[in-house]
Structures are given as structure tokens and as C-alpha cells.
Amino acid sequence: MECGMVLTHLNVHPGECIAVKGTVPPDAKSFALNMGRAGSDLALHFNPRFESHGDTCIIICNSLQGGEWGEEQREPDFPFQLGQDAKICISFNDQELTVAVALPGEQQLKFPNRLGLEAIEFFSVEGDFRVKSIKFK
Ligand SMILES: C=CCO[C@@H]1O[C@H](CO)[C@@H](O[C@@H]2O[C@H](CO)[C@H](O)[C@H](OCc3cn(-c4n[nH]c(N)n4)nn3)[C@H]2O)[C@H](O)[C@H]1NC(C)=O
């Protein structure tokens, strides 16, 4: 994974939320939000693809365990628009992670907590998303 913004030692617990605000550049191809224990152990890799890996306007979610990808969850409801701002809030419990995208209008996406994650320690942003703020609520 190319190097973007990386946050560690976060200790985000179930019910708390990571709220990321930013802008999608007008020429964006893809970006990814990654969260979990470490870069090689991700409970969620949230990867909106505008035009990437042969995919167009689809959100790929997956987990990464010991550096191995799990089965992809492919979400065709694609709320992001090139050149637009977006606010993405991620929360989780023992069963699932929830990603709420506010654009205007809100879309929620759920992904199973395959790792049994009890706290989010690691969070990174890769690719075509210009972060304006990150808040922990
Ligand atoms: C059809 C047979 C081969 O399947 C393909 O296999 C590829 C390799 O595993 C899959 O791409 C990976 O999918 C992973 C999620 O399942 C990750 O998205 C992986 O990229 C990790 C990554 C993304 N980024 C990133 N996103 N945006 C930017 N700028 N960088 N940085 N690191 C991608 O390289 C790709 O999604 C998958 N396609 C299908 C249709 O299954």
C-alpha cells in the first residue's frame, strides 16, 4: 500500500466514531480508509473505486489478516462524486463495522467484524481523498 496518512495507538472503542471530512479530487481514481490493529491486520479496508482495478464507481470492502485479503464485499451504491466533499463516520461493535457517508444525504454500509476487533488502534487514508479533518467522537 502506498504511504498516505497513518494514525496509530488510537484505542477507539465500540460505539465511538472516527469522523473523517475531506474532498475527492476531480481526477480521483480510488481511495482507501483502513482501520484495525495494524497495517497488516485490518478489520476494514474501505475502498471507493471511481476507475481502478477494472472497476467503475463501486465500493470494495475487505479485511486483511496477517497480510492476506479476505473475501471482498462489493457495494454498487456509490455516493461519492468527483470534486465533492464528503464526511465518513466509522463505528463498530463486536458484530460489525458501520460506515456512514454524509454527502448531503446519508448512506450506511455494514461489514462483518471478522477479526473480532475490540479496539481500533490503526487508521490510515490512502490515495485520492484530501483529508480536511479527523475527529474522534
Ligand atoms: C479477478 C481476479 C483478481 O481479482 C482482483 O484481485 C485484486 C488483487 O487482490 C483485487 O485488488 C485488490 O483488492 C484489495 C481489496 O480486496 C485491495 O483494494 C488491494 O489494494 C490495496 C490498496 C488499495 N490502495 C489504494 N486505494 N486507492 C489508492 N490510491 N491506493 N492502496 N492499497 C487491491 O489490489 C481486485 O479487487 C480483485 N477484483 C475482483 C473483481 O475480484
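Atoms within a ligand are numbered from 1 in the order they appear, just like the ligands themselves.
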Honestly curious: do M35 and L115 fall in one hydrophobic cluster under the side-chain, below-4.5 Å linking rule? no
Can you confirm if the aromatic rings of F80 and F31 lie within a centre distance of less than 6.0 Å? yes
Which atoms of ligand 1 are found less than 4.0 Å from any heavy atom of [X]?
X: N47; answer: 18 (O), 26 (N)
X: F31; answer: 26 (N), 27 (N)
X: G127; answer: 28 (C), 29 (N)

Below 3.5 Å, N or O to N or O, backbone or side chain included: is there any such pair between [X] and ligand 1?
X: E126; value: no
X: N62; value: yes
X: S30; value: yes
X: E72; value: yes

Please work out which of the three classes, parallel, tilted or perpendicular, describes the rings of F78 and F50, given edges at 30° and 60°. perpendicular
Parallel under 30°, tilted from 30 to 60°, perpendicular over 60°: which one fits the rings of W69 and H45? tilted
Determine whether any heavy atom of R49 lies closer than 4.0 Å to an atom of ligand 1. yes
Closest heavy-atom pair and its distance - R74, R49: NH2-NH1, 3.8 Å
Would you say the side chain of P112 lies within less than 4.5 Å of the side chain of Q73, judging by non-hydrogen atoms? yes
Out of R74, H45, Q73, whose heavy atom sits nearest atom 18 (O) of ligand 1? H45
Considering only heavy atoms, which of C61, G54, A32 lies nearest to atom 24 (N) of ligand 1? A32
side-chain hydrogen bond (donor to acceptor under 3.5 Å, both in side chains) for H13 and N11? Distances and angles first, verdict last. CA-CA 6 Å; H13 289 112; N11 203 20; 3.2 Å; yes
